[in-house]
Amino acid sequence: MTQRRFKTAYFVIPAVVFMIAVYALPLAGVALQSVTDADGGSWSLAGYRDIFSSTLFYKVAWSTFTISLLSTTVSLSLAFPLAYFLSKQRPKVRAVLMIFVLVPFWTSVLVKAFAFTILLGQSGIINDALAFFGLGPLPLLFNKAGVIVGMSHFLIPFMVFPILTSLMAQPPELRRAASIMGAGRLRIFFRITLPLCLPGIMTGTLLVLILSLGFFVVPALLGGRQDMMLSNLVDFYTRETLNWQAASTLAVILFSFAMIVAYTLARVPGGSSLLGGQDR
Amino acid sequence: MVKVQLNDVEKRYGPTVALAPTNLSVTEGEFLTLLGPSGSGKTTLLNIVSGMTEPTGGEVWIDGVDVTNVPSAKRGLGMVFQSYALMPHMTIFQNIAFPLQIRGLPREEIRRKVEDVLELVQLPHVAGRKPKELSGGQQQRIALARCIVYDPSIILMDEPLGALDKKLREQMQLEIKRLQVQLGITMLYVTHDQEEAMTMSDRIILMNNGSAEQIGTPNELYFQPNSSFVADFIGQSNLLDATVAGEDRVRLVNGEIITVRHDAPLSHGQSVKVLLRPEVLHLREIDAGGNRLDATIRGSVISGSTVKHFLELDGGTSVLVEELSNGTNAAPAPGDRVTISWSVGQARVLPA
Ligand SMILES: Nc1ncnc2c1ncn2[C@@H]1O[C@H](COP(=O)(O)OP(=O)(O)OP(=O)(O)O)[C@@H](O)[C@H]1O
Ligand SMILES: [Mg+2]
């Protein structure tokens, strides 16, 4: 590292101090707590043994995993066409449309979760409308459907932004050149637009997947008993049973899980940008 | 054989006329250049041919087919962009193979063609690299190779060398010209650099304000410009204001009368411009026929092979004289009185 590059390191000191104080230290505390026995005395892996032998953990881990994957898939499949559409608009139109993407982004997730209970409930707007046509009612609340709707709604902007950015960064000449060479729309999309947008898709997917792994409010308010996620289980241990060791252990497991996801995605083609690599 | 034929094509953006109705035909194997200042409609004309801009009037014919309403992808053209437009995620091989895959060629034939064309542009060793691993000039050659490889009926280039430095640009001009001649490529080329146009073109269309000012060979544009715009744009020129003072004679603003050459008949008293190329002027009297003017030296500059003398005619008009330098040119000092002269017929009358 050259002298000059090193000098700018001063600028990050405040952020580093802040992160150490409010993030790294507490996290280390949690990690430590997960490997000491309940009385806070000697080293012990009892916490992990208990967690890994509890069927509740596997059930919750599995539902965390499936819910995260599902809401990421839903977000991606809704966000990509949206980002693609936005990228094709004139700048002014796009700026206006972006507001609609940003509004849910600016609204508290708690407020939105309550709003969804009104929308999705047994006598909510959707089921009322269905009843009007003699249909339904559909079970949309206090189950996986509710959780995924609520989570995706929150997560879509996180998916739209990186994808839109990478779509907009593509020079329009590339598509024009391909078109003049005789390429049709589908070929241009699959051979040029999509591969060049892969880093954006990867960034969005990672962001959304990791955010969903740690979701708490939405499953608590919109999910049923079956749809508990790991964060809810952590909450359960700390508030209901006051089992801090189990809670810490779970937190460490969740953290490691997120790390593994990030690392795996960074290995996928187009994903190296996640770790600061240059993909093109 | 006519490759491209434009019949009265025009393009308007609201009240702006980007291209006034223009007729043009490009013959097979010809290197035709659209030359002109910024905003003169060169890109507009090129893009009407490529199909990226829809004309507001007229017809575009390519290879005897009316393609006015045919999309770019179906026109069978090649185009080289100033930004090269190589696909950053593909290797050089994949980039060049792309148009061949579109045409559904078998794998083996694609491989052979790509290798051949890389040989042709003298970059056989870069097949496995990504575009960003090549220099600007190399990327440019790959962009050209990607066109050549599928043998389009015409190759369009919009200021392809604009991003390169002067030396590389001159090298690439010769390279492109070599390939164009060797392969018999029909080329429609855009540049605003008149030297580039003169070096490469079989014919030049000089554009001005959305219309073709003059179409001709580089020689015609240089020696027989039909307007002062053309004379001014191509090469260096002295354009002197004058009025017609009789058959073959005009009177300059300072009252001097000189003999001129002209194509169109002149009417007495008409205002005209007299074109005198700097290199036809001499700082001594070479002709007793009356083609001489008195002037004062304002300064001289030696630029390698030539010496430029900046003069002021009696009456205040500035004139540039360019002579070959031979190291022994008697260097006149500023303020010296001189007589400039030229052979009869070198002064051309243009409409004012
Ligand atoms: N999309 C557009 N909307 C409105 N006017 C346009 C548009 N595109 C081009 N023009 C106008 O048409 C005229 C010709 O533009 P064109 O791009 O053909 O010029 P050019 O000769 O290629 O110039 P340059 O050397 O700067 O590239 C210009 O006056 C330009 O402002
Ligand atoms: Mg242009």
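Throughout, protein chains are lettered first and strands after them, A, B, ... in sequence-line order, and every chain is numbered starting at 1.
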- [ ] Answer whether the closest heavy-atom distance between the side chains of B:Arg103 and B:Pro99 falls below 4.5 Å.
- [x] yes
Open item on the list: Using modelled atom types and a 3.5 Å cut-off, is there a donor and acceptor pairing between side-chain atoms of B:Thr56 and backbone atoms of B:Arg12?
Closed with: yes
TODO: Sort A:Arg191 into side chain, backbone, both or neither according to what part of it lies under 4.5 angstrom from a heavy atom of chain B.
DONE: both
Open item on the list: Given the ring of B:Tyr13, does B:Lys11 sit roughly above its face, with NZ or CZ under 6.0 Å from the centre of the six-membered ring and within 45° of the axis?
Closed with: yes
- [ ] Check each atom of B:Met52 against the heavy atoms of chain A and say whether the ones under 4.5 Å are side chain, backbone, both or neither.
- [x] side chain
Open item on the list: Which atoms of A:Arg187 are under 4.5 Å from chain B, going by heavy atoms: the side chain, the backbone, both sets, or neither?
Closed with: side chain
Task: Aromatic centroids of A:Phe18 and A:Tyr23 separated by under 6.0 Å - done: no
TODO: Name the member of B:Pro152, B:Ser72, B:Cys147 that forms the most heavy-atom pairs with chain A at distances under 4.5 Å.
DONE: B:Ser72
Open item on the list: Heavy-atom cut-off 4.5 Å, strictly under: side chain, backbone, both or neither for B:Leu86 against chain A?
Closed with: backbone
TODO: Using atom types as modelled and distance alone, determine if a side-chain donor or acceptor of B:Thr27 lies under 3.5 Å from a backbone N or O of B:Glu30.
DONE: no
